[in-house]
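Every value quoted in this text rests on a predicted model; they were computed, and no experiment measured them. Here is the naming used below: chain letters follow the sequence lines, and residue numbers restart at 1 for every chain.
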There are 2 protein chains.
Amino acid sequence: MPRLADHDHRRRQITDAARRVVARGGLPAATFQSIAAEADLSVRLVQYYFGTKDDVLRATRQAVAADAALHIASAVSEAADADAADPREVIRAILLEVLPVDAARRDDSMVLNAFFFDEITGGASDAPSRDAAGAANYLETLVRDRIVLTGTDRRTAEIDARLIVAAASGLAQAMLADRELAPQAGELLDRLLDRMLTHR
Amino acid sequence: MPRLADHDHRRRQITDAARRVVARGGLPAATFQSIAAEADLSVRLVQYYFGTKDDVLRATRQAVAADAALHIASAVSEAADADAADPREVIRAILLEVLPVDAARRDDSMVLNAFFFDEITGGASDAPSRDAAGAANYLETLVRDRIVLTGTDRRTAEIDARLIVAAASGLAQAMLADRELAPQAGELLDRLLDRMLTHR
DNA sequence: TCCTTTGTGATACGAACGTATCACTATGCT
DNA sequence: AGCATAGTGATACGTTCGTATCACAAAGGA
């Protein structure tokens, strides 16, 4: 049993490269050539590890979705630690973690959006594959649960959570189009939560 | 001066076809072949009227942006007629006009989003061409002006308008992913405006 | 040492697509 | 009738890209 290679590491190397390529130029920019070049590997090796291009993109999409979920989950636990009980602060932390406020998050947003619109337009061939769309649902659940903690009834909390996540997602979109918006993200978020989380 | 053809009509025929193709399959689906087939014209004629593919897409993008602006403007004037003075009803009418609540609006949203993300990823080659991004700005201005009418100070109105438009844009995105959301659009919008347009 | 896994390189083929060219037809004003 | 405009069809060329194949090199544990 000679020369055991770290397949998982290799695969991650490749999907990470694909992720960067997509972040830079969208899904159309993702070709065998561009991905291999970005990973500084031979085109052949990419073929070698993933048979077809669809396989590469499928794996990349799943990796991105999983990373995003982890990212959010860690933001939740951090916020929960720091500010033990205030649901509003937790929600704020989650959303601030998701908005494209810096280069890294900007890349994440771009990639997620690229896959999302590919799914919408039916670009994803055989599998249903609602990975990117699922991320928004996950966010909604998190936010909804936090709103319920404030004493809001479940149905209202559901609607409000949907609106809050929609607003964040729309803000993210706007920030992708206009980088100058990044510094205002915190302020906008505060204002949004002021308006959405107030009992009356 | 023989056989005068209606060039504008022809061009619109073609850009309309392109619009439908993009609505169905995104920008990657827009090829000379698919556009010509959709317009029921020869591939050659499309080349004949617009030299290159970029020209076709440029014209389509501009047509779509212009249509959207007209669409919104007419919604504004209708709402202003019906409910002469209530800014909230005008805003509601505008946003309901923009959300993908039916097939036609769904197509519009798809196309706008397709071009928008193309612009973001730098797909638009030479020209800056912020047509799609400009639409959101236009919306923000409209909403902001209506909010100012309620007595809110300008700076606050700007922020609120940005948040409202962001929420609508995020909702639109969610509705594109999940058609079942369409019937709830009105309710969600009402709730959003309840929360965002209340003085305190 | 040898054999298996791991990885490379060249190369080829076909499909989709954008683009250009040429020759040809049809139409309808003047 | 004649001619400029409008439109067609075939065809061909070059790219880019995905995919498949073949032979070969390297490396390290048994």
> Distance from A:S42 atom OG to A:F32 atom CZ, nearest 0.5 Å?
Replying inline: 11.5 Å
>> How long is the straight-line distance from OG1 of B:T156 back to CZ of B:R144, given to the nearest 0.5 Å?
In response: 12.5 Å
Protein-nucleotide distance ([X], atom [atom1]; [N], atom [atom2]), rounded to Å:
X	N	atom1	atom2	answer
A:F50	D:dA20	CZ	P	16 Å
A:Y48	D:dA20	OH	P	16 Å
B:D6	D:dT5	CG	C1'	14 Å
B:L41	D:dG7	CG	P	9 Å

Report yes if at least one side-chain N or O of [X] is closer than 4.0 Å to OP1 or OP2 of [N]; otherwise report no.
X	N	value
A:R10	C:dT6	no
B:H7	D:dA6	yes
B:Y49	D:dA6	no

> Choosing from D:dT8, C:dG7, C:dT8, which nucleotide comes nearest the side chain of B:L45?
Replying inline: D:dT8
>> Looking at A:R44 and C:dG9, is any side-chain donor or acceptor paired with a base atom of the opposite kind under 3.5 Å?
In response: yes
> Just wondering, more than 12 heavy atoms not from A:D40 lying within 6.0 Å of its CG?
Replying inline: no
>> Starting from A:V165, can I reach A:I147 by hopping between I/L/V/M/F/W/Y residues whose side chains sit under 4.5 Å apart?
In response: yes
> For the residue pair A:A29 and A:S34, what are the closest heavy atoms and their distance?
Replying inline: O-OG, 2.8 Å
> Which parts of nucleotides 11-19 of chain C does protein reach within less than 4.0 Å, heavy atoms only, written one letter per nucleotide 5' to 3' as B for base, S for sugar-phosphate only and - for none?
Replying inline: ------SSB
> Run the side chain to side chain contact (heavy atoms under 4.5 Å, CB included) check on A:L149 and A:V90 step by step: do they pass?
Replying inline: CA-CA 11 Å; A:L149 288 184; A:V90 178; over 6 Å; no
